[in-house]
Amino acid sequence: MDAVRRLAGVESVAAISESGTTASIEVRANDVVAPGEVSGRTMAVVAAFPALPDVVRGGTTAGRFFDDGDIARHDRVAVLGDQAARLLGIGSVEDAPAVFLKAQTYTVIGTLGSVEREQRLAIAAILPPTTAADRMGPEAVTRVLSNTSLGAADQAARQAPVALAPGAEASLTVTAPADPAKAGTGVQGDVNGLFWSSAWSPRWSGSSVPPM
């Protein structure tokens, strides 16, 4: 990931991990199932790095996003997309509410809202990568998201596969946004480009912060 950050025009980078087993998981706001009441919602559970809010152009609408300390300690914490929090009836994180995923308890430390990119995260539970690898299964980076400065997206999209997987860059799929200058109608929201890559995945291992 450091190699991607060093590419000309790259402003921020974040990695996401998903798997088929975590694409649809029942998340509960309590561990008591009351007859006739909706106590859980089915949503995606993903793992991500602390730079995610910046890369998807979102922000924490309550509490905070997890940091490198949470990752290093393998803390059982979660950040909810703002829609996910509403569905679960969680409006504040001041009292450290908990959610239950596969009968395991996670403390909700924040909510992520106003997401301009990867809007599906609004209805997802987001875990630190080490915690997700320990308890939920996904251990591999499946996508890398990046913001670039104006005009740099195409160049970064060509260089990023080499930076991420030297010698195996053909195993990556890279998508860059259309050049707003060529489209003739650029908008302020497209000043930074976004690309993502998939199909190649380093493994997180050990008890420290995963390699960035």
field: Side-chain heavy atoms of His74 within contact of Arg135, under 4.5 Å
entry: no
- prompt: Can you tell me if Arg57 uses its side chain to pair, donor with acceptor, with the backbone of Arg117 under 3.5 Å?
  reply: no
message: Is it the case that the side chain of Thr107 and the backbone of Ala98 share a donor-acceptor pair, with hydrogens and angles ignored and the cut-off at 3.5 Å?
response: no
query: Can you find a heavy atom in the side chain of Thr131 that is under 4.5 Å from one in the side chain of Phe66?
result: no
message: If you compare all heavy atoms of Leu127 against all heavy atoms of Ala78, which two are closest, and at what distance to 0.1 Å?
response: CD2-CB, 3.6 Å
- request: Taking all heavy atoms of Ala152 and all of Gly9, pick out the closest pair and write down the distance.
  value: CB-CA, 3.8 Å
field: Thr22 side chain to Val45 backbone, donor-acceptor under 3.5 Å
entry: yes
- prompt: Once you round to the nearest 0.5 Å, how far does CG of Asp82 lie from CD1 of Ile90?
  reply: 12.5 Å
query: Got a salt bridge between Asp70 and Arg64, using NZ or NE/NH1/NH2 to carboxylate O under 4.0 Å?
result: yes
message: Which heavy atom of Ser149 sits nearest to which heavy atom of Glu11, and what is that distance?
response: CB-OE2, 3.4 Å
statement: Between Pro161 and Leu172, the two heavy atoms sitting closest are CA-CD1, 3.3 Å
query: Can you check whether Ser12's main-chain N or O pairs, donor with acceptor, with Asn147's side chain at less than 3.5 Å?
result: no
- prompt: Are any non-hydrogen side-chain atoms of Val144 and Val13 less than 4.5 angstrom apart?
  reply: yes
Close side-chain approach of Phe100 to Val27, heavy-atom, < 4.5 Å: no
message: Rounded at 0.5 Å granularity, tell me how far CG in Leu164 sits from CD in Gln159.
response: 11.5 Å
task: Would you mind reporting whether Lys102 and Met136 have side-chain heavy atoms less than 4.5 Å apart?
output: yes
- request: Please check if Leu145 and Val162 belong to a single hydrophobic cluster, counting links between Ile, Leu, Val, Met, Phe, Trp and Tyr side chain heavy atoms closer than 4.5 Å.
  value: no
- prompt: Does a donor on one side chain sit under 3.5 Å from an acceptor on the other, for Thr61 and Thr111?
  reply: yes
- request: Identify the two heavy atoms, one from Phe49 and one from Phe65, that lie closest to each other, and give their separation to 0.1 Å.
  value: O-CE2, 3.6 Å
- prompt: If you take all heavy atoms of Ala156 and Thr148, which pair is closest and at what distance?
  reply: CB-CG2, 3.9 Å
- prompt: Can you tell if the side chain of Leu80 reaches within under 4.5 Å of the side chain of Ile126, non-hydrogen atoms only?
  reply: no
Validation row: Ser24, Thr42 side chains within 4.5 angstrom (heavy atoms): yes
- request: Sort out for me which residue in Val56, Val46, Val55 forms a side-chain contact (heavy atoms from CB on, under 4.5 Å) with Glu118.
  value: Val56
message: I'd like to know if the side chain of Ser114 reaches the main chain of Gly58, judged simply by a donor and an acceptor atom lying under 3.5 Å from each other, with no hydrogens or angles considered.
response: no
query: Short question: side chain of Ser92, backbone of Glu94 - any donor-acceptor pair under 3.5 Å?
result: yes
- prompt: Is the backbone N or O of Val77 less than 3.5 Å from a side-chain atom of Asp75, with the two atoms forming a donor-acceptor pair by type?
  reply: no
- request: Output the distance between atom CE (Met43) and atom CD (Gln83), rounded to the nearest 0.5 Å.
  value: 10.0 Å
